[in-house]
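In listed order, ligands and their atoms are each counted from 1. The structure displayed is predicted, hence computed values, not measured ones.
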Amino acid sequence: MSTGILVLVEHLKGTMADITFEMLGVGRKVAAAQGGQVHAVLLGKNVAALATRLGAADSVLLADEPSLEQSSAEVIVPLLQQLMAQKQASLVLLGGTNASFGLGVQLSARMKVPFVNFCKGARVEGGSLVLTSQLFSGKILSDVKLADGKGIVSIYPGAFPAEAGRSDKTPPVEKVAVPPGSPKVVFKRYIEPDTSDVDITKQSVLVAVGRGIQNADNISLAEDLAKTLGGAVCASRPVIDQGWLPLSRQVGKSGMSVAPKLYLALGISGAPEHCEGMKGAQLIVAINTDPKAPIFDVAHYGANADCLEIIELLKEAVEKKKTK
Ligand SMILES: Cc1cc2nc3c(=O)[nH]c(=O)nc-3n(C[C@H](O)[C@H](O)[C@H](O)COP(=O)(O)OP(=O)(O)OC[C@H]3O[C@@H](n4cnc5c(N)ncnc54)[C@H](O)[C@@H]3O)c2cc1C
């Protein structure tokens with residue numbers, strides 16, 4: 001029964017974020033099952049050229065103005081509200097990211113339609129859209145049916161294939177006007193994050209240390225092992241909170257999401273907030289003294305052992321293998 005589907009495009013400094021393609025893929029899937037048009041909403045300053053990458057949409061609704069550089073919810077929400085009415089949109093897809101944080105609840109309140117957060121699945125059943133929402137950091141998955149198919153949906157990054165939302169087609173572009181107003185929040189400048197440290201999201205091997213590493217001095221043991229394996233060290237939150245490693249190394253809900261080929265978890269219990277950031281690793285190996293530690297539920301291989309005894313042995317074994 002769906003009519004229009006709006007997808008709020010995410011981009012930063014001329015680069016399209018993958019979440020945009022994930023959302024377009026979801027939009028296409030819903031439109032294929034229920035009918036309707038998918039409109040990509042592209043907002044920003046000097047962003048018109050990005051429209052060519054949005055071929056999976058039936059049209060691009062473009063607002064390209066200096067005032068839209070890093071615009072806030074104050075500006076975006078009324079614009080989306082206006083576009084929902086213009087395009088008779090029953091569904092709005094937003095990224096479940098920091099960039100779109102706070103938009104969903106405000107739009108939902110203004111439009112008096114439900115807001116589904118942390119959406120990790122979408123299917124059409126008997127003509128109705130069923131969304132799977134993640135609750136309690138992944139402990140519960142809840143299926144939600146939207147009354148009348150209307151709602152605002154925040155898509156969990158990485159949950160849907162980005163490929164489904166890529167296309168070489170050139171979509172028609174329609175310029176849209178921003179509702180007048182003087183926003184109280186204005187963008188002043190973009191502060192680049194400190195890039196002097198290792199980018200753990202780009203490593204194919206990560207040696208992750210948790211509270212079980214015991215003290216700051218033992219971090220160097222993990223660093224030596226990581227070096228031997230050709231990777232880097234990352235950590236759970238308590239290790240970062242203690243100041244044993246910089247924040248750029250934190251994995252999890254309030255840190256980075258990583259997907260290396262190998263994730264070696266040393267003395268990490270496997271709390272949901274940690275696992276949220278590393279579940280996507282191809283191979284997870286855990287070493288923990290507690291045989292009931294939840295990390296063993298997500299690990300492909302596990303050793304019930306003292307990591308401090310294992311680290312050195314493991315390093316020697318890898319070195320030996322390398323010299324053969
Ligand atoms: C809103 C919120 C956001 C959060 N964000 C994050 C986040 O981004 N990242 C994150 O990691 N956490 C996060 N947390 C914290 C999270 O809930 C856990 O407290 C944290 O992940 C636990 O870290 P840990 O596994 O290192 O420590 P612990 O839970 O204390 O576990 C230590 C583990 O080490 C084992 N151990 C002890 N000694 C040894 C040894 N010698 N050899 C082997 N094993 C040993 C123990 O059996 C235990 O399983 C967040 C929490 C909240 C509420």
Side-chain angles (χ1 to χ4, degrees), residues 96-99 101-102 105 117-118 120 133-140 154 156-159 193-194 197-203 205-226 229 231-260 262-281 283-317:
T97 60
N98 285 341
F101 189 74
V105 276
N117 213 347
F118 305 115
K120 291 190 108 173
S133 167
Q134 171 182 293
L135 305 174
F136 301 109
S137 302
K139 282 186 188 151
I140 295 176
S154 161
Y156 195 97
D194 182 7
D197 195 28
V198 169
D199 182 354
I200 57 170
T201 64
K202 302 234 160 71
Q203 301 294 315
V205 175
L206 283 173
V207 175
V209 290
R211 215 190 309 248
I213 199 75
Q214 314 285 340
N215 58 53
D217 293 343
N218 290 335
I219 300 280
S220 61
L221 299 174
E223 273 168 346
D224 287 348
L225 176 59
L229 287 165
V233 167
C234 61
S236 66
R237 184 158 142 178
V239 171
I240 307 300
D241 288 349
Q242 297 273 2
W244 298 346
L245 280 168
L247 183 61
S248 49
R249 304 290 181 111
Q250 183 174 318
V251 170
K253 191 184 189 73
S254 41
M256 309 296 267
S257 284
V258 296
L262 170 65
Y263 192 86
L264 178 59
L266 306 175
I268 293 182
S269 59
E273 293 85 3
H274 183 80
C275 293
E276 203 174 312
M278 47 65 84
K279 267 192 289 199
L283 183 69
I284 301 169
V285 180
I287 301 174
N288 198 301
T289 44
D290 176 4
K292 292 197 175 135
I295 191 76
F296 291 129
D297 297 337
V298 293
H300 302 97
Y301 294 95
N304 177 209
D306 184 336
C307 65
L308 297 170
E309 286 173 12
I310 298 264
I311 293 177
E312 199 57 33
L313 295 173
L314 205 52
K315 192 182 134 209
E316 279 168 25

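A search for side chain to side chain donor-acceptor pair (under 3.5 Å) contacts involving Thr201 returns Asp199, not counting sequence neighbours.
Counting only distance, with no hydrogens or angles, the side chain of Gln214 and the backbone of Gly212 share a donor-acceptor pair below 3.5 Å. Panel note: side chain Asn288, backbone Asn304; no donor-acceptor pair is recorded below 3.5 Å.
Of all heavy-atom pairs between Arg211 and Val239, the closest is N-CG2, 4.0 Å. Nearest heavy-atom pair, Asn117 versus Ser154, reported as atom, atom and distance to 0.1 Å: OD1-OG, 3.2 Å.
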Quiz prompt | Worked check of side-chain contact (heavy atoms from CB on, under 4.5 Å) between Arg249 and Val198 | solution = CA-CA 8 Å; Arg249 304 290 181 111; Val198 169; 3.6 Å; yes
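Contact residues of ligand 1 (protein heavy atom closer than 4.0 angstrom to a ligand atom; sorted by chain and number): Gly210, Arg211, Gly212, Gln214, Ser236, Arg237, Pro238, Gln250, Val251, Gly252, Lys253, Ser254, Gly255, Gly267, Ile268, Ser269, Ala271, Glu273, His274, Ile287, Asn288, Thr289, Asp290, Ala305, Asp306, Cys307.
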